[in-house]
Number of protein chains: 2
Amino acid sequence: MVQSKHITLDNIANQIGVSSSTVSRVLTGQSKKYRISDRTTEIVQQTARKLGYVPDQLARGLRTKRTNTMGLIIPDISNPFFSSIARNIEIQARKVGSSIILSDSQEDTQLEIESIRLLQGRKVDGLIICPVGEDSKHLKSIVNSGLPVVIIDRYFPDLDCPYVVSDNYQGAMDAVTYFFEMNHRSIGYIQGRVNTSVNNDRIRGYRAAHETRGLPVDESLIVGDSFGKRNGYIGAKILLAKSPRPTAIFAASNLISLGAMTAIQEERLKIPDDISIISFDEQPYSEHLATPMTTVAQQTSETGEIAFKLLQSQIQQDGKQTTEGIVLPAELVYRKSVKKLEFAELQ
Amino acid sequence: MVQSKHITLDNIANQIGVSSSTVSRVLTGQSKKYRISDRTTEIVQQTARKLGYVPDQLARGLRTKRTNTMGLIIPDISNPFFSSIARNIEIQARKVGSSIILSDSQEDTQLEIESIRLLQGRKVDGLIICPVGEDSKHLKSIVNSGLPVVIIDRYFPDLDCPYVVSDNYQGAMDAVTYFFEMNHRSIGYIQGRVNTSVNNDRIRGYRAAHETRGLPVDESLIVGDSFGKRNGYIGAKILLAKSPRPTAIFAASNLISLGAMTAIQEERLKIPDDISIISFDEQPYSEHLATPMTTVAQQTSETGEIAFKLLQSQIQQDGKQTTEGIVLPAELVYRKSVKKLEFAELQ
DNA sequence: TAAATATGCGCAATCGTTTGTTCTAGTATA
DNA sequence: TATACTAGAACAAACGATTGCGCATATTTA
């Protein structure tokens with residue numbers, strides 16, 4: 001293999017005595033358009049192949065203003081919910097020859113802002129962001145700058161930008177309604193980060209379910225402030241210490257329920273006999289848990305695919321967005337973590 | 001905000017009446033070296049900040065031959081084992097201002113090869129690869145090309161390239177030995193992709209544990225051919241159908257054990273009463289499973305961090321690698337999925 | 001006071017591609 | 001035979017940043 005270093009268009013051009021522009025045109029499939037002869041075309045292609053030419057995307061991007069690269073900013077890629085989305089974005093990207101630059105914002109708005117800067121410098125064609133905070137100032141400024149952006153998992157009412165989210169309202173409503181149907185009346189809610197759309201919508205669903213039944217919401221049953229495992233643990237500890245103890249817990253994420261389970265275990269309580277639980281986020285392991293978990297499943301692979309396609313079309317239309325937002329249904333997956341209370345058990 | 005479009009060095013230079021080279025030198029912190037006056041330095045910095053200058057990494061990379069970008073090729077980013085590694089790589093990268101281009105090879109060698117090409121074109125400074133197949137030809141050719149590469153999770157004896165792997169041999173040995181200590185004698189092994197170093201080493205450990213005890217290996221107890229969930233399901237089905245049935249199953253990955261659990265459930269068997277199981281890969285949910293799972297824990301975050309640092313130092317030393325390979329211990333996490341057999345239960 | 005050195009910065013080439021324009025033959029048309 | 005096309009390809013200017021070298025002044029040294 002004569003792969004001395006890096007083969008450039010000029011290398012090829014010199015090798016066969018044509019100009020680099022000719023080589024470029026052939027290799028980008030513009031032979032016809034620029035009337036390159038079949039013979040020349042053939043020779044160029046052969047030589048390129050023989051030398052193992054790989055076009056320099058930096059140079060190309062510099063010239064064309066298109067890098068076929070997209071930025072993906074995720075709060076925590078190790079969370080299977082996000083990594084599943086990421087995977088589907090990557091798979092779509094590959095299909096059209098795009099690459100994904102991954103940025104883990106570590107649930108930190110400051111890092112998120114830094115990531116945006118970084119990715120802008122890398123001249124990504126567009127950005128898919130799962131924003132971490134309540135504030136959308138930095139997002140607004142980048143959307144205004146004309147860079148195509150798609151938001152996932154969250155949305156901001158005052159931000160004019162396409163988004164893909166689950167129907168968190170309906171999902172929470174269904175879950176809590178199901179609790180009601182199983183005769184639960186005291187349902188704790190371990191929420192995620194407050195003031196995010198995800199959380200707001202789920203809370204709204206939680207309240208709406210109560211309202212529909214004409215039941216008041218006990219505000220002291222709403223605890224927590226993050227989507228992490230630790231918060232699940234703490235939230236459950238608090239809920240379980242109340243008396244009377246709530247009979248059910250609604251956990252706002254897979255990590256929250258994991259933490260909650262640890263707390264429940266520590267208190268030597270059994271699911272669902274002592275406490276019922278429903279968790280947002282279906283996971284491969286949900287059915288294999290000590291008590292198979294009733295969950296609210298979000299469509300992660302669809303989220304990824306749609307987000308990418310939304311971004312793509314936005315890029316192709318040169319930043320002009322046509323779609324407003326897409327809401328994907330969230331579906332309750334029934335398992336064993338909710339007990340049907342007999343009326344005798346109710347206080 | 002006067003962020004018309006993209007601010008370049010020239011924009012700044014014109015604005016304040018200096019040359020773009022001066023601006024460049026100031027902004028890259030070379031004022032002293034090139035004797036730029038404090039006054040000029042100050043003005044340049046202010047103007048750059050005011051205009052919101054973000055250096056074009058494409059142009060910079062084209063000129064400097066350094067992109068501060070690394071490629072990461074992973075078989076399945078939605079697998080928490082890999083996403084955990086990916087996360088730690090990204091966190092390290094961020095610390096030094098590097099970006100990660102993520103490529104999901106979808107367990108397909110062909111896609112892996114494509115990914116390598118793609119990333120080469122994007123002029124990554126280096127590559128971290130978790131190779132999917134048994135073949136290392138394509139890896140060898142890229143290592144020879146001088147591009148810094150670090151292999152993770154696997155290694156190839158004939159490939160001169162730094163790697164970071166778990167001590168799969170020891171991990172498997174410990175697991176199987178523990179089975180023996182609990183009086184198991186018939187231990188099924190649901191293996192992953194054959195002929196990968198991971199699998200080879202685990203098999204070696206499995207065999208060595210037998211050998212140490214002077215016990216023969218029943219080859220029919222070694223089943224399976226992939227690290228996926230489906231294979232776990234099928235493998236378990238096969239093992240459970242044998243008679244006499246093995247008393248224990250060693251699952252070569254988190255996904256395999258997940259699949260195996262489904263099969264075990266279908267057969268209406270209980271862990272550990274009817275069948276004991278140990279799984280490779282510790283997961284956040286391991287302790288919350290129907291039967292808390294005894295696992296072989298790999299150090300995923302360390303793997304990511306070390307891999308990145310290995311790559312970094314290789315890049316800084318301009319491709320000359322000094323390290324051979326790093327083996328991280330794998331630790332048995334004891335839980336409840338292994339039953340101590342009474343001798344009466346042995347055939 | 002002449003020579004030497006220091007200070008502060010600009011010139012212009014370069015990285016590898018793309019692309020609008022131009023150039024040169026050969027061929028067709030009038 | 002002069003003119004007009006056409007085919008085929010080269011020229012050269014970008015894109016934005018970096019960097020070796022050079023060029024003026026200003027200051028110091030002998």
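The chains referred to below are lettered A, B, ... by the order of the sequence lines, with proteins before strands, and numbering in each begins at 1.
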Does [N] have its OP1 or OP2 closer than 4.0 Å to a side-chain nitrogen or oxygen of [X]?
X: B:Ser19; N: C:dC9; answer: no
X: A:Thr40; N: D:dA9; answer: yes
X: B:Thr8; N: D:dG16; answer: no
X: B:Ser21; N: D:dT19; answer: no

Please give, in whole Å, the distance from [N] [atom2] to [X] [atom1]?
X: A:Arg25; N: D:dC11; atom1: CZ; atom2: P; result: 12 Å
X: A:Ile43; N: D:dG8; atom1: CD1; atom2: P; result: 13 Å
X: A:Lys65; N: C:dG16; atom1: NZ; atom2: P; result: 18 Å
X: B:Arg66; N: D:dG16; atom1: CZ; atom2: P; result: 23 Å
X: B:Lys123; N: C:dT17; atom1: NZ; atom2: P; result: 7 Å
X: A:Gln57; N: C:dT17; atom1: CD; atom2: P; result: 9 Å
X: A:Leu62; N: D:dA14; atom1: CG; atom2: P; result: 13 Å
X: B:Glu42; N: C:dG8; atom1: CD; atom2: P; result: 15 Å

Practice task
Please tell me which of the listed nucleotides, D:dA9, D:dG20, D:dA10, lies nearest to the side chain of B:Tyr34?
Solution key: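 Output: D:dG20.
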Problem - Selected nucleotide, minimal atom distance to B:Ser37 side chain, candidates C:dT19, D:dT19, C:dG8 - result: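 The answer is C:dG8.
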Practice task
Take A:Leu51 and A:Ile12 through the side-chain contact (heavy atoms from CB on, under 4.5 Å) test and state the conclusion after the steps.
Solution key: CA-CA 8 Å; A:Leu51 296 180; A:Ile12 301 178; 4.2 Å; yes
Does [X] pair with [Y] as a salt bridge, N-O distance under 4.0 Å?
X: A:Glu134; Y: A:Arg193; value: yes
X: A:Asp135; Y: A:Lys140; value: no
X: A:Asp38; Y: A:Lys32; value: yes

Under 4.0 Å between any heavy atoms, over every strand shown, what does [X] touch: base, sugar-phosphate, or nothing? Just pick one.
X: B:Leu9; answer: base
X: A:Ser24; answer: base
X: B:Gly17; answer: sugar-phosphate

Handout entry: Pairwise 5' ranking along DNA chain D for B:Asp56 and B:Arg35, keeping only the more 5' one
Key =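 By nearest-heavy-atom nucleotide position, the 5'-most residue is B:Asp56.
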Exercise for the section: Scan side-chain atoms only and decide if B:Arg122 and A:Thr69 contain a donor-acceptor pair under the 3.5 Å cut-off. Expected result: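 Distance-only check passes for B:Arg122 and A:Thr69.
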